[in-house]
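None of the values given here were measured: they were computed from a predicted structure. Each chain gets a letter, A, B and so on, in the order its sequence line appears, and its residues count up from 1. Values below: every heavy atom of this structure, side chains too, minus hydrogens, waters and symmetry copies.
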Amino acid sequence: MSPEEELQSNVSVASSSPTSNCISRGTTVALKEHNYLGLSDCSSSVGSSTLSAGLTEDDKASISLKATELTLGLPGSQARDTDLNLMKNSVKLDEKPFFPLLPSKDEICSSSQKNNASGNKRGFSDTMDQFAEAKSSVYTEKNWMFPEAAATKSVTKKDVPQSIPKGQSSTTNNSSSPPAAKAQIVGWPPVRSYRKNTLATTCKNSDEVDGRPGSGALFVKVSMDGAPYLRKVDLRSYTNYGELSSALEKMFTTFTLGQCGSNGAAGKDMLSETKLKDLLNGKDYVLTYEDKDGDWMLVGDVPWEMFIDVCKKLKIMKGCDAIGLAAAPRAVEKSKMRA
Amino acid sequence: MNYFPDEVVEHVFDFVTSHKDRNAISLVCKSWYKIERYSRQKVFIGNCYATNPERLLRRFPCLKSLTLKGKPHFADFNLVPHEWGGFVLPWIEALARSRVGLEELRLKRMVVTDESLELLSRSFVNFKSLVLVSCEGFTTDGLASIAANCRHLRDLDLQENEIDDHRGQWLSCFPDTCTTLVTLNFACLEGETNLVALERLVARSPNLKSLKLNRAVPLDALARLMSCAPQMVDLGVGSYENDPESESYLKLQAAIKKCTSLRSLSGFLEAAPHCLSAFHPICHNLTSLNLSYAAEIHGSHLIKLIQHCKKLQRLWILDSIGDKGLEVVASTCKELQELRVFPSDLLGGGNTAVTEEGLVAISGGCPKLHSILYFCQQMTNAALVTVAKNCPNFIRFRLCILEPNKPDHVTSQPLDEGFGAIVKACKSLRRLSLSGLLTDQVFLYIGMYANQLEMLSIAFAGDTDKGMLYVLNGCKKMKKLEIRDSPFGDTALLADVSKYETMRSLWMSSCEVTLSGCKRLAEKAPWLNVEIINETDNNRMEENGHEGRQKVDKLYLYRTVVGTRMDAPPFVWIL
């Protein structure tokens, strides 16, 4: 299930775009502003609705109006400066990412693209393609579990013009990655995930005659040690590990807080950021996945495209339980075998 | 007063099969109640938490067939967490303990485990038929126990379940002595299939009428299977890719020609469209065609296939067929009763989807149409009015405009008048799903005209509580009401609490109902289970001082005779 679930009830505006905004709200909440290499943050947030989740109530109020405005005109053309202001104000939470998989807000910004989908009627798929393409060259920087085994691809993001990719990005090649998923309201359109998955598998397997990559959703179950229930996420709604990581973080934060409460440690003040940080750092959770062969591997070792191809299930384990799982070398071997 | 001995009355009752009618019979008098309950063989329980196994068995000790439904409908769309409930194990355990002679079990949206399948397979000697629809929680190991232990298995029908495929050998677990299969549907399995075991199983099942294969069964295997099962009535093709010149393909063509009983075709999960012509010789017999998973069949190949299917009564298709394709359907399939058009491109972008024109064409060409599910890009009031005029016989009308809140694309008006025309004209309408921009007005129409309506699905619609009130007051036969993202709140919820006793269930998510409203409802109606599904902090909801006014994420309430269920997970709060 996607992070919008939790935030759905906050949306009361009649238009559909705010609801879908929740995706990016959910995904941006707990990440530092800086990207992985410590370079300055991107200014590319396209949707003005992007960054509200990490903000105080005031900030939220002040941007929510803007965010929910339905404007005519090209997507992304509104409120660019608003975004910049928001970016400056939004650095509140300083925790390490829950799954310190991957960089940056930068990747997260791509999720903001989704928000404009339902608000703006034009040029959506073009936009997505262009922007998504910008992301496609970036994949996992390094295996976060074994820092010394870092893959060498650096964040090429910075090379791509960050300002309003829509309409401005010069990239033309758009077949290398699936377009970032359209703004998805949870459970809409009302199609069973079985159907979505089946169609997606077919599209993936078929010849891509027109160069259009597989569409449809790819739901996998995500479980977490100690969590009362498992969730489902649509892997195709993310374009890289960073997005997935923050989405999961948002989803499962409540469980961590729950544990905190039951330990009697945090008491009622559960959202204190220091406590969250301590807890996360202390617990050291690890994201793993089960691949097509039934083996459990650490997430982050293989290119994103390959990952969504082979991932059958996700599991958030405690770090100590995950010792001995596929380290980088094995994962790389496997990926070589597949290639 | 009874003029006849009980046996005679019972014999008369044998001719009454529908659940509604049998329920009605049991209410006539005590004597009929008694006779009816001892003779009832098939029981349908629409909400597994409305009662419990013990009460079921007390009332119907001679039960042979049980149908159970678990999760609410919106669970199909990921709105209900997986661990919500709907476990079948307690039912199977109770049935096993009571030694009832269970022969058939049909489950929908329930959690089934390998353990329950194993227990099922071992506990009922005469067990014949297992139908699982949209269930989850089990693996092919569970299927292996069914295969191995059910000596008289007739039907194994797995529809759209989530099954962990352990790539085991469940098919080879059918003993050589098993020759009774009539239905075998494993299309939803993802893994490899033991083709040898499958072929041998089919070869020794002379009664096999329905066979639905999964993706892992290639065309050459299909050719062999069809050659030894010419009596096939219902076929689900798995993988259909091959070279039209190949020997397998020629063999398939020959085999298909012999399948003169074939009436229903589905599958084509992977398909080479140019090979479809192999099926043309039998198309004129087809009454049911499901190509809703056949993403690779479109354009002229699809049209050609459909043009051969003049007797089609049921068609499930993807919207890649386009309005033009639907016009072909309208002019070819004069017997069409049920149409479902599913979205093919879920990422949006508005590719060859269908519009109101396709719907109007179908309504004009197919006078027998009574059920429709239609996903489309856009709609107009005028089109809906025309459809209502052309097809006043709708029983099920489900329209899903992909973009929420989209108005009439010509007039920019809400679609109230269009849907109003539908409910006014279709006096037998039992199921309705709404979409597009809708105000309270449409609910006024529904309350006024939809007298037979039993199930209503509402999303992103309405302005005020009045909308919901119109429906609750007007639709006397309402059984299932499901609402999401609509501005209905406590006033509507609490206006007529006794109404919920006449309904199976109510679902409201992302609406305006508050916790205090739900609490008040629960107090007024102890015969209801009022469940709050809050995936965020339930505890915080309680402790927080503002709890009363806090909005509830998801509310699911249903009538029950057995009170609060004991298996609810912590995030479900039963008031």
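- Each of D463(B), L269(B), N161(B) has some count of heavy-atom pairs under 4.5 Å with chain A, and the biggest count is that of L269(B).
- Evaluated for a ring pair (Phe, Tyr, Trp, His ring centres under 6.0 Å) with W188(A), the options F74(B), F375(B), F460(B) yield exactly one hit, F460(B).
- Interface residue D164(B): only side-chain heavy atoms are found under 4.5 Å from chain A.
- Looking at E160(B), the atoms closer than 4.5 Å to chain A (heavy atoms on both sides) sit in the backbone and in the side chain alike.
- Side chain of D319(B) to main chain of V354(B): no donor-acceptor pair is present (N/O by atom type, distance under 3.5 Å, no hydrogens or angles).
- Only the side chain of K313(A) comes within less than 4.5 Å of a heavy atom of chain B; its backbone N, CA, C and O stay farther away.
- When heavy atoms are compared at a cutoff of 4.5 Å, L437(B) does not approach chain A at all.
- Pairing each heavy atom of P72(B) with each of R109(B), the nearest pair is O-CD, 3.6 Å.
- Of the possible polar contacts, one joining the S435(B) side chain to the L399(B) backbone as a donor-acceptor pair under 3.5 Å is found.
- Interatomic distance, CD1 of I483(B) versus OG of S509(B), reported as 9.0 Å (0.5 Å rounding).
- Between Y556(B) and W507(B), the two ring planes are tilted [angle within 30° to 60°].
- A salt bridge is defined here as a Lys NZ or Arg NE, NH1 or NH2 lying under 4.0 Å from an Asp or Glu carboxylate O, and R215(B) with E190(B) fails to meet this definition.
- If you measure heavy-atom distances from A461(B) to chain A, you find no contacts under 4.5 Å at all.
- Ranked by heavy-atom pairs shorter than 4.5 Å toward chain A, the options P487(B), S457(B), S134(B) are led by S134(B).
- If you measure heavy-atom distances from E136(B) to chain A, the contacts under 4.5 Å come from the side chain alone.
- For the set S292(B), S486(B), A294(B), A75(B), the entry with the most heavy-atom pairs within less than 4.5 Å of chain A is S292(B).
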